[in-house]
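What follows is one structure encoded as structure tokens, with my remarks underneath.
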Amino acid sequence: FIAVSGCSALKLKAPANLRVSDDGFLSWDEVDGAAAYRVFINDGVFDTDENRLDIFWLTDSYGEYLIDVVALDAKNRIKSESSELFEYDLQDSGGWTLQYNGESYDVAGTEDSKNVVSGKVILPSVYNDLPVTGIADAAFMLCKNLTSVIIPDSITEIGQAAFNRCTSLARAELPRRLKSLESIAFGDCKTLTELKIPKTVQYISGKMINGCNGITTLEIEEGNEIYESQGNCIVRKADRQLVCGTKNCEIPENIASVGENAFYKMDIEKLSLPKGVESIGTAAFQNCEKLKELCLPDGLKTIGSRAFSGCAFDYVSIPMSVESIGGDAFNFFHGLSVTLPKSVKKLGANAFDKYVTIYTDLKHDENYPEDWKLPETQMDSSFIYSFDSYAPAFPVKRRIITDCVFVCEDGVPYVDSFNPEHNLDSDAGNSDNPYQ
């Protein structure tokens with residue numbers, strides 16, 4: 001492919017085993033003694049110090065690319081024969097289409113997208129002399145053979161579930177004019193390792209990357225007026241809400257809340273929220289199945305519905321500052337123990353699993369808060385006084401330990417002592433005690 005005769009003596013082995021990865025990197029076996037390499041792609045020439053080259057943007061149109069590599073010495077002289085010619089053939093797999101929206105075009109899926117789309121997809125910026133400005137909802141959803149996608153700068157919106165469950169998607173660089181990233185736009189893209197968001201974005205859904213446990217880099221370009229990135233978390237500037245984060249994030253100290261679905265299905269193993277966090281949104285940590293250690297800060301006031309449903313820890317201490325816990329907040333915890341102070345005034349249905357052990361500073365004969373009662377309109381189990389949904393006539397067994405003495409560390413209580421006489425472990429129907 002390239003003549004090297006006439007160069008000074010060729011002493012190095014020719015680069016071998018050329019290949020292109022799903023994320024768009026050309027690589028080859030390292031050559032002993034090589035200081036650098038020169039890559040020839042069709043009419044282009046590119047030098048690199050490593051035995052790899054990012055060709056993601058160098059191959060931005062469909063067609064055949066002829067690639068050749070030689071090894072260089074420290075003076076950039078060719079010192080090897082050329083590699084065997086590598087043919088990189090990019091063809092449109094199909095399975096997607098363009099839909100007119102009245103002013104421009106949107107990229108959309110087809111009935112058979114999930115079975116047809118494969119490899120690298122290159123989206124156009126113009127069609128029929130009009131711009132292509134959006135990727136429609138679910139356009140590439142379940143396209144498990146899609147490995148990378150070039151998104152042109154004309155695209156301003158990536159719709160709901162646009163790339164949801166594209167489990168082989170290794171690279172998707174976002175366009176420089178993007179304004180909106182909708183719910184689960186990249187949900188469950190397990191192979192995706194980084195996502196860099198341009199400064200033009202005006203809306204980011206908390207569920208944008210739910211279940212993307214491969215992402216280790218989540219950043220937003222400096223200069224965005226609405227959001228900023230810290231420690232692989234996206235934070236909304238106006239109210240200091242943590243919108244979304246990765247499993248390896250370092251939660252910023254200066255946030256005020258954790259937003260809805262911010263860490264849904266992330267493989268977080270331990271969590272300590274900083275002081276200053278006042279609320280945890282709906283499903284913020286739902287289905288974080290590896291989460292085994294949890295520390296909630298004093299000053300926390302609200303825990304949203306399903307906030308920790310489906311997590312793995314077996315103990316939680318509710319700070320004395322908490323006023324409200326939403327429905328199903330800690331549900332599906334088998335064997336969970338919890339310290340629940342009477343400062344909590346609102347408790348949603350099914351806030352805790354029916355097998356939970358509750359330690360409370362309420363007296364066994366004390367009137368419990370009105371919101372702890374079973375809602376009259378439902379027959380499934382609520383936190384303290386519940387009925388089995390399959391057999392509502394038979395109360396569910398649970399263990400409620402009253403008269404506990406709490407000791408606090410920074411407003412977070414732990415059990416110092418309790419009265420074993422009020423350790424209730426029998427059917428509610430056999431006792432007059434309302435806490436059973």
Side-chain angles (χ1 to χ4, degrees), residues 1-93 117-123 144-152 166-176 189-196 212-219 221 232 246 248:
F1 185 64
I2 176 172
V4 294
S5 59
C7 295
S8 56
L10 303 177
K11 299 179 180 179
L12 302 179
K13 290 183 178 181
N17 194 23
L18 273 65
R19 64 267 187 193
V20 177
S21 62
D22 287 344
D23 58 352
F25 278 84
L26 170 73
S27 59
W28 52 91
D29 295 345
E30 187 174 1
V31 176
D32 290 340
Y37 302 90
R38 183 160 293 158
V39 181
F40 301 86
I41 305 178
N42 288 357
D43 295 328
V45 181
F46 310 91
D47 285 357
T48 174
D49 293 335
E50 301 178 297
N51 59 320
R52 68 200 298 259
L53 178 69
D54 185 358
I55 65 169
F56 183 75
W57 290 108
L58 299 177
T59 53
D60 60 356
S61 60
Y62 291 118
E64 185 179 60
Y65 296 85
L66 302 178
I67 303 175
D68 194 22
V69 182
V70 294
L72 308 178
D73 65 11
K75 295 182 178 180
N76 276 350
R77 295 177 299 189
I78 296 175
K79 286 293 181 177
S80 78
E81 296 284 354
S82 60
S83 65
E84 290 187 6
L85 185 64
F86 180 72
E87 298 180 7
Y88 182 45
D89 192 14
L90 277 177
Q91 299 297 327
D92 183 5
S93 64
V117 174
S118 65
K120 183 175 182 176
V121 169
I122 302 170
L123 302 179
K144 296 183 178 180
N145 294 317
L146 172 65
T147 58
S148 63
V149 56
I150 284 187
I151 305 175
C166 292
T167 52
S168 297
L169 182 63
R171 189 164 180 180
E173 296 199 7
L174 302 183
R176 289 178 292 181
C189 291
K190 301 182 184 299
T191 311
L192 203 60
T193 59
E194 68 175 29
L195 204 62
K196 296 183 178 181
C212 291
N213 284 297
I215 292 182
T216 55
T217 301
L218 179 63
E219 298 175 350
E221 185 181 9
N232 287 319
T246 64
N248 67 324

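Nothing fancy with the numbering, it's 1 onward along the sequence.
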List the atom of [X], the atom of [Y], and the distance in Å for their closest heavy-atom pair.
X      : Y      : value
Ser93  : Ser118 : OG-N, 3.0 Å
Ala35  : Ala74  : CB-N, 3.5 Å
Lys75  : Asp73  : N-OD1, 2.9 Å
Asp89  : Gly63  : OD1-O, 3.5 Å
Leu192 : Ala172 : CD1-N, 4.0 Å
Cys212 : Cys189 : SG-N, 3.4 Å

Return yes if some donor-acceptor pair links the side-chain N/O of [X] with the main-chain N/O of [Y] below 3.5 Å, else return no.
X      : Y      : answer
Thr217 : Glu194 : no
Thr147 : Ser168 : no
Tyr37  : Val31  : yes
Asn42  : Tyr65  : no

Among all residues two or more places apart in sequence or in another chain, which pass the side-chain hydrogen bond (donor to acceptor under 3.5 Å, both in side chains) test with [X]?
X      : value
Lys196 : none
Ser21  : Asp23
Asn248 : Thr246

| request: Take Leu26 and Val39 through the test side-chain contact (heavy atoms from CB on, under 4.5 Å) and record every step on the way to the result. | output: CA-CA 10 Å; Leu26 170 73; Val39 181; 3.8 Å; yes

| query | Residues two or more places apart in sequence or in another chain: which of them pass salt bridge (charged side-chain N to carboxylate O under 4.0 Å, His left out) with Lys13? | reply | none

To the nearest 0.5 Å, what is the distance between [atom1] on [X] and [atom2] on [Y]?
X      : Y      : atom1 : atom2 : value
Ser83  : Asn17  : OG    : CG    : 10.5 Å
Ile67  : Phe40  : CD1   : CZ    : 12.5 Å
Ile150 : Ser61  : CD1   : OG    : 8.5 Å
Ser148 : Leu169 : OG    : CG    : 7.5 Å
Phe46  : Leu58  : CZ    : CG    : 4.5 Å
Asp68  : Glu81  : CG    : CD    : 10.5 Å

| Which pairs pass salt bridge (Lys or Arg N to Asp or Glu O under 4.0 Å) with one or both residues in residues 25-41, sequence neighbours excluded? | Arg19-Asp29, Arg38-Asp47

| field | Sequence neighbours excluded, every pair satisfying salt bridge (Lys or Arg N to Asp or Glu O under 4.0 Å) that has a member inside residues 48-60 | value | Asp54-Arg171

| said: For a 4.5 angstrom cut-off between non-hydrogen side-chain atoms, does Val20 reach Ile55? | reply: yes

| Glu84 atom CD, over 12 foreign heavy atoms within 6.0 Å |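 Not more than 12 within 6.0 Å, no.
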
| field | Candidate pair Ile78 and Leu72, rule side-chain contact (heavy atoms from CB on, under 4.5 Å), full reasoning | value | CA-CA 5 Å; Ile78 296 175; Leu72 308 178; 3.8 Å; yes

| query | With a cut-off of under 6.0 Å to the ring centre and 45° to the axis, is Lys120 in cation-pi contact with Phe56? | reply |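 Output yes; distance and angle both within limits.
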
| message | Please determine whether side-chain contact (heavy atoms from CB on, under 4.5 Å) holds for the pair Leu66 and Leu85, giving the CA-CA distance in whole Å, both sets of side-chain angles, and the decisive distance to 0.1 Å. | response | CA-CA 7 Å; Leu66 302 178; Leu85 185 64; 4.0 Å; yes

| query | Taking the six-membered ring for Trp, are the ring centroids of Trp28 and Phe86 within less than 6.0 Å of each other? | reply |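 Ring centres of Phe86 and Trp28 not closer than 6.0 Å.
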
